[in-house]
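See below for the structure under consideration.
Every chain is numbered from 1, with letters handed out A, B, ... down the list of sequences.
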Amino acid sequence: MNILVACKIVPDDQDVKVAGDGSLDFSRAHKVVSTYDLNAIEAAAQIAAANDGSTVKAISVGPKKADDSKTKKNILARGVDELFLAADDALDGLDAFATAAELAKLAAKAGDWDVIVTGDGSADLYAKQTGVQLAAKLGVPFVSGVVSAEAADGKLVAKRLLESEEETVEVPLPAVVSVAPEFAEPRIAGMKDILAAGKKPMNVEGAEGAPAKAVEEVSVKAPAEVDRKKEMFDDVDAFAAAVKAAL
Amino acid sequence: MSKAFVIAETENGARELCAGARKLADEVVLVSVGAPVSGAADKSFHIDVPAGNIADDAYVTVNKIYDAEGGDVVLGEQTLRALSLVGRLAAKLGAAAITGVSAVEGGVATSMYFGGTGVREAKAAGDVAVYTFGPGVFDASEATGTDAVEEAAFEAPENAVAKTGSEALPPSDVNLAGADAIVACGRGFGAEEDLQLARDLAAKLGAELACSRPLAEGVDWFPREAYVGVSGAVVSPKVYVAVGISGQMQHMVGCNGADVIVAVNKDKNAPVFKACDYGFVGDLKTVLPALTAAL
């Protein structure tokens, strides 16, 4: 089975600073793979491991800074055979429509594929829209919330965890499936895996042009702080009295 | 005349979104893939999804209804199935949905960025704005409209996904939305049996029990409905007691609506103490029994 896994490279929100004017400063943030996309990579690797002769290729779209040696190796150290990355500042901050269009181009370059796995949602927008937009662009089926999947005869038999039910589905391939974090815990890549990752093929390219924007960002600011009392107690009785009074 | 096109799965979602749509447009058209919903929109469509199909694949019909009815703004319910329908329609329109919207003002939508690390304002660049909303943004009781519901036939796409089974999730006994008090447990709980200390406190306070993400996703100590935070529940009780929770933004975003936040943590530098009303530094194994006894 030929599996593609889409992942987003994002700034690490632990490194984000709030500037004096309330805007967020991402300039010094390290680049990392978006949290739930690590689960998607693991899911892809596990599906591949269960089906002999499978390949896993990662596809990713982002700004120039996404072309980061450590991050690329981190992707390839997790059971991924090859990486296709479009890294160009013209591709920074793309909405789901534009991202899907760019991912579709990379999918075409990655060769034949049976399934494209995406994560639950990205760390920045958590919009859960890129997978379905990609499926629409490619004209293939889409299911989300997938917690398990087995390949069977041109199909993927999958379980989806929805808000109030678990649904069993047969997805005809090729298809795009978005996996829930519960599908698989990301592995811890060992030193050997990371060293081997450095020798795997990495196809990095720029943009063919700046895609049109479907959504315009107006502002990004730190949230207004809720005014809290911040009263510290060291006497349990006084603490209990304060809690009781608040009820 | 401006028109809003609502895509919903649940009845409550349909009513909330239709109430919100009324504020954004003169006319409201509703398409529901769950139960038929009357009295919420000016025109109400229902798609009866066959047992062997998935509601996500109702997009062929939804898009056809949109073609016939139009709409300057699309409002989608934030359930996985409705998100699929919204994405398919957005793709067709060359649009992208702005999701998790908390407010729309003059065409500018507000939503969270990096799990609440930031607040983002964005607007549609094209002619049609597409938004999705979680529960509670609009008031379902404000929805008004026609009692007539038009049935629209489900049309399967090529290569339709087959639904072969469905199992209702065990009804959750977690009810965070209506709770006056919540005791939330975090990674500070080293062992599952220590949770009894939190249960005892919750019983004394008449509180619901909740948790931070690691206790619902990392270990399986809690059902996922009990997880408060950016991708979990967003709650607004009178009192929220955060125990052994460090206070990462991703968690606090879920409880910032509480009137009073109480924190117990053994690390005096935990960020939660900068975001609480009443704080106590100490080991939860000694503080919780003492607090429970003193209440």
Quiz prompt | B:D277 side-chain N/O to A:K229 backbone N/O, donor-acceptor pair under 3.5 Å | solution = yes

Quiz item: Taking all non-hydrogen atoms of both residues, which atom of A:K244 and which atom of B:L295 are closest, and how far apart?
Solution: NZ-C, 3.6 Å

Exercise. State, yes or no, whether a side-chain contact exists between A:V243 and B:L205 at a heavy-atom distance under 4.5 Å.
Key: yes

Practice problem: Considering only heavy atoms and a distance below 4.5 Å, find which of A:V171, A:L134, A:L125 pairs most often with chain B. | Solution: A:L125

Exercise. Measure distances from B:A160 to the heavy atoms of chain A and classify the residue's part below 4.5 Å as side chain, backbone, both or neither.
Key: backbone

Self-check item: Heavy-atom pair with the smallest gap, counting every atom of A:S144 and B:D56
Solution: OG-OD2, 4.3 Å

Exercise. With side-chain contact (heavy atoms from CB on, under 4.5 Å) as the test, would you mind laying out the steps for B:D180 and A:L247 before giving the verdict?
Key: CA-CA 8 Å; B:D180 273 344; A:L247 275 169; 5.6 Å; no

Quiz item: Checking heavy atoms, do the side chain of A:D234, its backbone, both or neither come under 4.5 Å from chain B?
Solution: backbone

Quiz item: If you look at every heavy atom in A:M232 and B:F280, which pair is closest and at what distance?
Solution: CE-N, 4.2 Å

Quiz item: chain B heavy atoms under 4.5 Å from A:V157: which part of the residue, side chain, backbone, both or neither?
Solution: neither

Quiz item: Quick one: what part of A:P181 sits under 4.5 Å from any heavy atom of chain B, side chain, backbone, both or neither?
Solution: side chain

Exercise. Answer whether the closest heavy-atom distance between the side chains of A:V169 and B:I54 falls below 4.5 Å.
Key: yes

Practice problem: For residues B:M249 and A:P223, determine if any side-chain heavy atom of one lies less than 4.5 Å from a side-chain heavy atom of the other. | Solution: yes

Self-check item: Proximal component of B:Q250, with respect to chain A [non-hydrogen, under 4.5 Å]
Solution: side chain

Quiz prompt | chain B contact via A:S219 - side chain, backbone, both or neither, heavy atoms under 4.5 Å | solution = both

Exercise. Counting only heavy atoms closer than 4.5 Å, note whether A:V143 contacts chain B via side chain, backbone, both or neither.
Key: side chain

Exercise. Measure A:L161 against the heavy atoms of chain B and call it side chain, backbone, both or neither at under 4.5 Å.
Key: both

Quiz item: Tell me, side chain or backbone of A:A135 under 4.5 Å from chain B's heavy atoms, or both, or neither?
Solution: both

Quiz item: Regarding A:E165 and B:S166, is there a side-chain donor-to-acceptor distance under 3.5 Å anywhere?
Solution: yes

Quiz item: Hey, what's the ring geometry for B:F114 with A:F26, parallel, tilted or perpendicular (30° and 60° as the breaks)?
Solution: tilted

Quiz prompt | Validation row: B:E121, A:E217 side chains within 4.5 angstrom (heavy atoms) | solution = no

Quiz item: Step by step, would you call B:R88 with A:F142 a side-chain contact (heavy atoms from CB on, under 4.5 Å)?
Solution: CA-CA 10 Å; B:R88 292 280 185 176; A:F142 172 74; 3.6 Å; yes

Quiz item: Shortest non-hydrogen contact from B:R81 to A:R160?
Solution: CG-NH1, 4.4 Å

Self-check item: Part of A:L24 lying under 4.5 Å from any heavy atom of chain B
Solution: side chain

Quiz item: Quick one: what part of A:K230 sits under 4.5 Å from any heavy atom of chain B, side chain, backbone, both or neither?
Solution: both

Practice problem: Keeping the roles fixed (side chain from A:Q129, backbone from B:A90), state whether a donor-acceptor pair exists under 3.5 Å. | Solution: no

Practice problem: Could I get the full list of ring-ring contact (aromatic ring centres under 6.0 Å, His included) partners for B:Y278, not counting sequence neighbours? | Solution: A:F233

Exercise. Can you tell which part of A:E167 gets under 4.5 Å to a heavy atom of chain B, answering side chain, backbone, both or neither?
Key: both

Quiz item: Does any heavy atom of chain B fall under 4.5 Å from the side chain of A:E182, the backbone, both, or neither of them?
Solution: side chain

Quiz item: A:Q14 versus B:Q248: any side-chain heavy-atom pair under 4.5 Å?
Solution: yes

Quiz item: Is the closest side-chain heavy-atom distance between A:Y126 and B:T99 below 4.5 Å?
Solution: no

